Structures are given as C-alpha cells and as structure tokens.
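What's counted below: heavy atoms across the whole structure, side chains too, no hydrogens, waters or symmetry copies. As the structure lists them, so they are numbered: ligands from 1, and atoms in each ligand from 1. In this text the structure is predicted, and so the values were computed from the model without any measurement.
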Amino acid sequence: MSDNVAMTIRVGFLGAGFIANVHASLLRSCNVVGWAGVFDTDRSRAEAFAAKTGATVCGDEDEVLAGCDAVFICTWTSEHLRLVEMAAARGLAVFCEKPLATDLAGAARMAETIRQAQVVNQVGLVLRFSPAFCWLRNLIADDSSGRVMSVMFRDDQYIPLQGMYKSTWRGDVSRAGAGTLLEHSIHDVDIIESLVGPIATVSGFSAEFHGITGIEDAVNLSMSFANGAVGSLLSVWHDVLARESSRHVEVMCENLWCSIETDDWWGPVRWQRADGESGSLEGGELGERVWAAGLAPVNPDQGFLDAVTGGRTLGPDFENALRAHVVVDAAYRSAAEGGIPVSVPAGHL
Ligand SMILES: NC(=O)c1ccc[n+]([C@@H]2O[C@H](COP(=O)([O-])OP(=O)(O)OC[C@H]3O[C@@H](n4cnc5c(N)ncnc54)[C@H](O)[C@@H]3O)[C@@H](O)[C@H]2O)c1
C-alpha cells in the first residue's frame, strides 16, 4: 500500500442533491478523498452522483455509514438529527449541512450528541470561508478601526422552490422548519456575530407573501450587540429569477467604513478610513490576498479533510451552528409576538 492510499479518507454521502454535488466538486480536487458510498431516497440522484464521482450507490443509510471514515449529511433539514445520531454512534467524522435542525431543541440535541461522541465535525456555514467576508473581518479587526458601531445586512434570493434549487421540501414546514431566516439567513446570523460579536437583543418582523404557512419570505431583524453596536438584517425570498443570492453589507466602525457589494464571495469589498486611506478589492486579487494572508483555506472542504486527518475540529462546528440557532430562535419568538425585543441567551445554551 502506498503512503497515499494509507492517507485516504473514505468519504460517504447521505443525500445526493444540490449541495452534495457542490461538495463533490470541491472534494474532487482533494487528493486524500476515497469515494465510499452514497445513499439518496431518490435512487436516480444517488446514481447520478456515483456516475460523477465514482462513489458506490448503497441501499440504505447504514450501508454508507459502515463503509466510510467521514460522512457528509446533505439531506433536507428534518433528516439531519437522526442521521447525525447514527453517524456519531459509529464514531465517524461528521460534516452536516446547515441549518442543523428544524428547531432549536433539535440543534441542541445534535450538538450534545457530537460533544459526547467527540468526533471531528464541521457544518456548512460556508460564508466563513468567503474571501469577501474574511477580508471584511480583517479590516474590522485592525486596531486602528476602533469599535464596531453598526452593521446593515441585506440578503435576497429568489424563493428556492424554483430555479437551480427547485426543491419542494423548502415549501414544507415539517422538512424545512421555517423559511428564509432559518433555511438561508442562518448563514447571515453566523457571519454577523463573527464580524461584530454576540447579539444581545433582537426584534423580528416577518411576512409570508407566497402564502405558504410557516415559510416566511420576508424578515427584518433589528439587533443590539453585547458590545454596544446596533444593526439590521433584512432577508427576502422573491421571484426575480435572475437574482440567485445577493448580499449587501455595510459595517461602520469608529474609524472605518467597509462594505461588500454585488457578490458575497468575490466582492468588491470597499473601505474608507478616518486617516483618508481607501481601497477596493475583488475577484481573483481579493482571493489571492486572503489566501496569502492565511485568512481562509482555498478549498473549504479540504479544511474538513485536514481536520479529519489531524483528528481535531477546525470549524465552523456544531457549537457555532447551535449559537446561530439560538439567535434565530429568539428572532422567531420576537416575530411571533409582533416584534417585541427578546434577549438572546449568551453562549450556545
Ligand atoms: N451551505 C450552503 O450554502 C447550502 C446550500 C444549499 C443547501 N444547503 C442545505 O443542504 C441541505 C440539502 O439541501 P439541497 O439544496 O441539497 O436539497 P436537495 O433537495 O437538492 O437535496 C436533498 C436530497 O436529500 C435526499 N434525502 C432526503 N432524505 C434522505 C435520507 N434519509 N437519506 C438520503 N437522502 C435523503 C432527497 O431525496 C434529496 O435528493 C439542506 O439542509 C439545506 O439547507 C446548504
């Protein structure tokens, strides 16, 4: 057996839909990947995934788990909890897509399961690897920027029951849990806290323009942060099919204004400083600067494999995801009460 073969991590997949295929594309450039089993309740999806990757189509979830070292859980959200428990019981490394669960209780139970099992784990809070957000965080963290005063975050995408996602489950509250805030903007909640700090109080307002009960498609959060900053998050699912996912972010610090415009991965990121300096970075140049500074790995899924190889979790992990669920849950409780301010418990629970 060559050293390379000895280093191989057998990767299994539960769910072979949209995001599983995104991971497959990223993993193909990782040399330690050994394609193990794939199972999807829609067998044709597992077969298409197997044809693309060389994975073996399995007859059930157990067969995948029995033949892998690390598993990617990429089913619709309501299945995550059960599958994470099955994987953790076998001591496997777990990559689980966001949101962890359809509600906070499920997410808390999953985080506890992973804590007890002490397995390497990661969640799909992928904005943490975005060159644009990494550069923004770097600007904010600079001592000369002063304290963060405010954040304004707008996220819109067409409702993903159509277009490239074309999922029916996102319109089914029993499988998705809720609408745009939980299913999509849990990314935003996570990245906002990683940029600004913990949210202390939230007021939420939500609406259901598409008329799907429990699947809100317009949400506005007004937030105060433990460090005194204030902010807003607006998340909308509309029907403009030309707009897949668009985020516009502006952060104001005492001595710095910075923004992400157009593309939440490649920018441009623009900034102006109190001393007169200003700048703009986007595209490949932004990526090169971020990667050269070691602010993010070039390939997020390589980071997970490196963590598996090294036997330690690098994150974002289940604890980070649970924290985002805590905030989202507080926001929904506020919205259900007409927007009354709700305190966000500190920490993970
Ligand atoms: N990180 C991100 O940016 C990102 C992007 C898209 C989706 N997601 C998340 O990934 C998950 C999947 O989303 P998607 O867009 O790939 O949906 P999808 O509908 O394209 O794929 C989900 C697949 O899971 C399969 N499935 C359901 N139950 C299963 C089970 N018990 N075992 C095996 N397969 C099962 C379905 O048949 C379907 O093929 C969701 O939780 C979603 O929120 C994350």
message: For atom 3 (O) of ligand 1, what's the nearest protein heavy-atom neighbour? Residue, atom name and distance, please.
response: His187 NE2, 3.2 Å
- prompt: Within the side chain of Thr102, is there an N or O that forms a donor-acceptor pair under 3.5 Å with the backbone of Gly177?
  reply: no
query: Which protein heavy atom lies closest to atom 4 (C) of ligand 1, and at what distance to 0.1 Å?
result: Ile19 CD1, 3.5 Å
- prompt: At what distance is the nearest protein heavy atom to atom 23 (C) of ligand 1, and which residue and atom is it?
  reply: Asp40 OD2, 3.6 Å
- prompt: For residues Asn255 and Ser144, is any side-chain donor paired with an opposing acceptor at under 3.5 Å?
  reply: no
task: Please write down residue, atom name and distance for the protein heavy atom closest to atom 17 (O) of ligand 1.
output: Trp169 NE1, 3.3 Å
message: As an exercise, identify every atom of ligand 1 less than 4.0 angstrom from a heavy atom of Gly15.
response: 24 (O), 33 (C), 34 (N)
Pair Phe95 + His23: ring centers closer than 6.0 Å: yes
field: Numbering as shown, the atoms of ligand 1 that approach Glu61 to under 4.0 Å (heavy-atom distance)
entry: 30 (C), 31 (N), 32 (N)
Test log, rule side-chain hydrogen bond (donor to acceptor under 3.5 Å, both in side chains), inputs Glu183 and Trp237: CA-CA 11 Å; Glu183 162 48 27; Trp237 274 351; over 6 Å; no
task: Answer yes or no: is there a donor N or O on one side and an acceptor on the other, between the side chain of Ser232 and the main chain of Met152, under 3.5 Å?
output: no
message: Only heavy atoms of His80, strictly under 4.0 Å: list the atoms of ligand 1 that pass.
response: 41 (O)
message: side-chain contact (heavy atoms from CB on, under 4.5 Å), that's the test. Do Ile159 and His238 meet it? Break it down for me.
response: CA-CA 5 Å; Ile159 188 165; His238 48 68; over 6 Å; no
- prompt: For ligand 1, is there an atom lying under 4.0 Å from some heavy atom of Arg82?
  reply: yes
- request: Flag the pair Phe13 / Phe39 as yes when their ring centroid distance falls below 6.0 Å, and as no otherwise.
  value: no
message: Could you check whether any heavy atom of His184 sits closer than 4.0 Å to an atom of ligand 1, since that is the contact criterion I want to use?
response: no
message: Looking only at the side chains, is there a donor atom on one of His210 and Asp239 sitting less than 3.5 Å from an acceptor on the other?
response: yes
- prompt: Who passes side chain to side chain contact (heavy atoms under 4.5 Å, CB included) against Pro341, sequence neighbours left out?
  reply: Thr201, Ser203
- prompt: For ligand 1, which atoms, with element, lie under 4.0 Å from some heavy atom of Pro99?
  reply: 43 (O)
task: Taking only heavy atoms of Gly17 into account, list the atoms of ligand 1 that are under 4.0 Å away from them.
output: 16 (O), 20 (O), 21 (O)
- prompt: Between Asp188 (side chain) and Asp155 (backbone), is there a donor-acceptor pair under 3.5 Å?
  reply: no
message: Students should be able to answer this: which protein heavy-atom is nearest to atom 31 (N) of ligand 1, and at what distance?
response: Glu79 OE1, 2.8 Å
message: Among all protein heavy atoms in this structure, tell me which lies nearest to atom 20 (O) of ligand 1, with the distance rounded to 0.1 Å.
response: Phe18 N, 2.8 Å
- request: Identify, for atom 24 (O) of ligand 1, the protein heavy atom at the shortest distance, and state residue, atom and that distance.
  value: Thr75 CA, 3.4 Å
query: Which residue, Leu26, Val94, Val120, Leu27, forms the side-chain contact (heavy atoms from CB on, under 4.5 Å) with Phe304?
result: Val120
query: Are Pro160 and ligand 1 in contact, using a heavy-atom cut-off of under 4.0 Å?
result: no
message: Tell me the protein heavy atom at minimum distance from atom 18 (P) of ligand 1, and give that distance in Å.
response: Arg45 NH1, 3.6 Å
- prompt: What about Gly124: any of its N or O atoms under 3.5 Å from an N or O on ligand 1?
  reply: yes
query: Counting heavy atoms only, which of Glu183, Arg170, Lys98, Glu97 comes nearest to atom 7 (C) of ligand 1?
result: Arg170
